[in-house]
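FYI, side chains are in, hydrogens and waters are out, and symmetry mates aren't considered; it's all heavy atoms of this structure. Numbered from 1 within each chain, the chains take letters A, B, ... in sequence-line order. Worth saying up front: this structure is predicted, and the values here are computed from it rather than measured.
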2 protein chains.
Amino acid sequence: MAGIRDVAAKAGVSVGTASRALNGTGPVSAAARERVERAAKELRYVASYTATALKSGRSRNIGVILPAIDRWFYGKVVTGIADELIDVGYELALYNTQGSHEHQEAVLGDYLWRQRLDAVIPVSLQLSAAEITRLLSMDRPVVGVGGPMPGVLTVSIDQSATGALATAHLIGLGHREIAHVTGGTDPERDFHLTDSRRGGFEGEMSRAGLQVRDDWVLRSDFTLGDSYRQAKVLLSGRERPTAVFAASDEMAMGVILAARDLGLRVPDALSVVGVDGHEMGEAFGLTTIRQFPERQGARAAQRLLTHLADPPPPDDINLHEVLPTELVVRSSTAAPGE
Amino acid sequence: MAGIRDVAAKAGVSVGTASRALNGTGPVSAAARERVERAAKELRYVASYTATALKSGRSRNIGVILPAIDRWFYGKVVTGIADELIDVGYELALYNTQGSHEHQEAVLGDYLWRQRLDAVIPVSLQLSAAEITRLLSMDRPVVGVGGPMPGVLTVSIDQSATGALATAHLIGLGHREIAHVTGGTDPERDFHLTDSRRGGFEGEMSRAGLQVRDDWVLRSDFTLGDSYRQAKVLLSGRERPTAVFAASDEMAMGVILAARDLGLRVPDALSVVGVDGHEMGEAFGLTTIRQFPERQGARAAQRLLTHLADPPPPDDINLHEVLPTELVVRSSTAAPGE
DNA sequence: AGGTTTAGTGGAACCGTTTACAGTCGTGGC
DNA sequence: GCCACGACTGTAAACGGTTCCACTAAACCT
């Protein structure tokens, strides 16, 4: 492995000059620069990142902390982040807490302090005040995705408005008997998201003077399978809603499958609306509130990068950036039958 | 930020002793060790990884290169790897090539050479001979997932056997008119996987004396949506297969949706079998050949770690480790109707 | 013409660890 | 009583870059 000394020697300059030539910092004559560059190429020289990082304090490495990777939303977010980073030569360190507080603490307490990271993107993390303090005291840029994370910059969608929009769509079609599939099975995970989407649902219902039946609010774990099972029970009851708002597309698809298995036609006998914009929704004809997780990830990365480039951000910055969502009407919703 | 000097000073020992105490390398008196440990704790000392890596040459960081993160298989593989690594204090650097050869070259050519990585796990990568040579010349452990990658250790399932098993299951039920949904839309991606699963299908068909109809082999892109559309065309034709083997669960679910939309009952009018063991398959009653991507990822990580711990591996190691799959029979397959 | 800037350069300190080396001290063997 | 040995320790040299500083020579002022 060639080092910068080898390059310098081969180019007939000092290591200082070689470094300046390679990094474009400081003045270097055209001739010297050219010789250094050629030497570097011939030697297949690549600067050791660890050495660079140690001296300069910048590692060109940013950490992404999330509770899972094998779920639609997180996969998309990471994709968005990764796409944004690869172009500017940053690398991406992934920390999967698996929703375990133990792991989360280990990551927040130790891993992030090893100075290998220039900045951090926590995704949908349930952070305690102490954890946030600790995170921010690292004195590196932090931009979260999802939220809320009081005190840290975030990028997210308006969960409550999303719930309200979906509900309003159903009410607008004439539905009055509306059930809701929400999250909350795992108290640690998706806590706020669940609550605020349901909040939007409830708000919109009461605004329209409609009642929210407790037994029509299904607590699920955000998977298709669980939602399917619960919806089957719900839809087998004597009284049935005419519409269901599910807090995610996966759960909405579960509801559709359950309805079909029970011989209920969608949307004739049951309207279903979800949230996400999951690709699979298309084949189901699923009406949904589309969010753009890749864009959320990309946006977080961008904000991070500008903070990294610029001096410390002004104080009047937009702390919580809210990205738009979009109602996509397909064939799973219609006016109530009969 | 406290450095090891601060710890040493506080504990009243030299930095050498402090380092030895903290790392458990070399002899240190119990008293000194205890003082150092307390000092470190009180100072919230965490060793700088960049410094450690620079000096020791070991970064406790392993790279995962893959063509996408937002697909079921990759999400699972990464989860398996991450779970395995977090326990032993290794970190995970993620490189998403997005299926672009440009990015792949950048990663293989530059990124991996910056000495930030102790080892590399390429996942489902289509590597040229030159790329493999370059990868191996880094002189660090490499264990791939999926394959084949001639010359590098890999962990994978037997794709061909998987195709054969699925096909045999259908034939065993009495089906003779069998269609296949395969990949291959994107020539770069999933190349081998597609070919070998289809190979298994064709082999099993001919073994049973059955013909493979060209127009019953659907080339799809491994998504539910595309498979759905193609299956709809297939199943609307005058002649219909009585069974479909889809090379992935997502595509199989697309076929089931298409069948239902056309009023064909599954499995009465059409049997469908997939490959993967996708969680969503359960609600579809999907029969499938289950593979365990998390286990594949975990296994790759384990092999890597042992190679990292032990001296260079013996030459007679098992180059390609094949992990088992499992037929899961649910309600999407049955003997042909009538 | 003399004094200041400025482009270009080399040398060396430094980033925060690990680790090779040399040394001190007490202990046991003879 | 001396020597060898082991346990323990401190000092300093790396690791491979970046960056500060001092310096030269040419160019630019007044």
Side-chain angles (χ1 to χ4, degrees), chain A residues 1-37 39-40 43-61 89 110 112-118 138-140, chain B residues 1-37 39-40 43-61 89 91 110 113-118 138-140:
Chain A
M1 283 289 314
I4 196 167
R5 282 164 232 271
D6 303 313
V7 174
K10 178 155 193 162
V13 298
S14 70
V15 290
T17 304
S19 174
R20 281 185 293 261
L22 259 11
N23 297 314
T25 117
V28 174
S29 71
R33 157 165 293 119
E34 209 269 335
R35 287 209 313 282
V36 169
E37 274 165 1
L43 260 33
R44 277 180 171 257
Y45 168 76
V46 183
S48 156
Y49 258 30
T50 48
T52 304
L54 177 58
K55 177 58 184 167
S56 68
R58 280 164 270 120
S59 61
R60 298 189 75 80
N61 196 22
D110 267 28
L112 297 189
W113 289 87
R114 299 186 169 153
Q115 316 193 1
R116 195 185 275 173
L117 266 27
D118 282 351
M138 254 181 55
D139 206 26
R140 308 223 174 232
Chain B
M1 283 288 315
I4 197 169
R5 280 167 236 270
D6 304 313
V7 175
K10 178 155 194 162
V13 298
S14 71
V15 291
T17 304
S19 173
R20 281 185 292 260
L22 260 11
N23 297 314
T25 116
V28 173
S29 71
R33 156 165 294 118
E34 210 269 335
R35 287 210 312 282
V36 169
E37 274 165 1
L43 259 34
R44 279 179 170 259
Y45 168 76
V46 183
S48 157
Y49 258 29
T50 48
T52 304
L54 176 59
K55 178 56 186 168
S56 68
R58 281 163 270 120
S59 62
R60 299 188 76 81
N61 196 23
E91 308 194 13
D110 267 28
W113 287 87
R114 298 187 169 153
Q115 315 193 4
R116 197 185 275 175
L117 266 26
D118 282 350
M138 253 181 56
D139 207 25
R140 308 223 173 233

Could you give the [atom1]-to-[atom2] distance, from [X] to [N], as a whole number of Å?
X       : N      : atom1 : atom2 : answer
A:Arg20 : C:dG10 : CZ    : P     : 8 Å
A:Arg5  : C:dA12 : CZ    : P     : 12 Å
B:Asp6  : C:dG16 : CG    : P     : 10 Å
B:Ile4  : C:dC15 : CD1   : C1'   : 14 Å
A:Lys55 : C:dC14 : NZ    : P     : 8 Å
B:Leu54 : C:dT19 : CG    : C1'   : 13 Å

Which part of the nucleic acid does [X] contact within heavy-atom distance under 4.0 Å: base, sugar-phosphate only, or nothing?
X       : value
A:Ser19 : base
B:Gly3  : sugar-phosphate
B:Arg33 : nothing
B:Tyr49 : nothing
B:Ala53 : nothing

Starting from the 5' end of DNA chain C, give me the residue, A:Gly12 or B:Val15, whose nearest nucleotide shows up first.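 Here A:Gly12 is the residue nearer the 5' end.
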
Upstream residue (5' side of DNA chain C) when B:Thr17 and A:Val13 are each assigned their closest nucleotide
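Result of the comparison: A:Val13.
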
Without swapping roles, check the side chain of [X] against the backbone of [Y] for a donor-acceptor pair under 3.5 Å.
X        : Y       : answer
B:Asn23  : B:Ser19 : yes
B:Asp118 : B:Arg60 : yes
B:Arg20  : B:Thr25 : no

**Pairwise distance CG(A:Leu117) to CZ(A:Arg58) - rounded to 0.5 angstrom** =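 Nearest 0.5 Å value for the CG-CZ distance: 15.5 Å.
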
Tell me, please, the opening and closing nucleotides of DNA chain D, 5' to 3', among those with an atom under 4.0 angstrom from a non-hydrogen atom of chain A.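 Boundary nucleotides touching chain A, in 5' to 3' order, are D:dG16 to D:dC20.
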
On the nucleotide C:dT9, are OP1 or OP2 found under 4.0 Å from the side-chain N or O atoms that A:Ser29 carries?
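It does, given that an N or O in the side chain of A:Ser29 lies less than 4.0 Å from OP1 or OP2 of C:dT9.
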
Practice problem: Please report the closest heavy-atom contact between B:Ala53 and A:Thr50, naming both atoms and the distance. | Solution: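 In terms of heavy atoms, the two residues are closest at CB-CG2, 3.6 Å.
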
Heavy-atom closest pair (B:Ala21 atom, B:Val28 atom, distance to 0.1 Å) is N-CG2, 3.8 Å

Q) Below 4.0 angstrom, N of the basic side chain to O of the carboxylate: do B:Glu91 and A:Arg116 qualify? A)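 Yes.
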
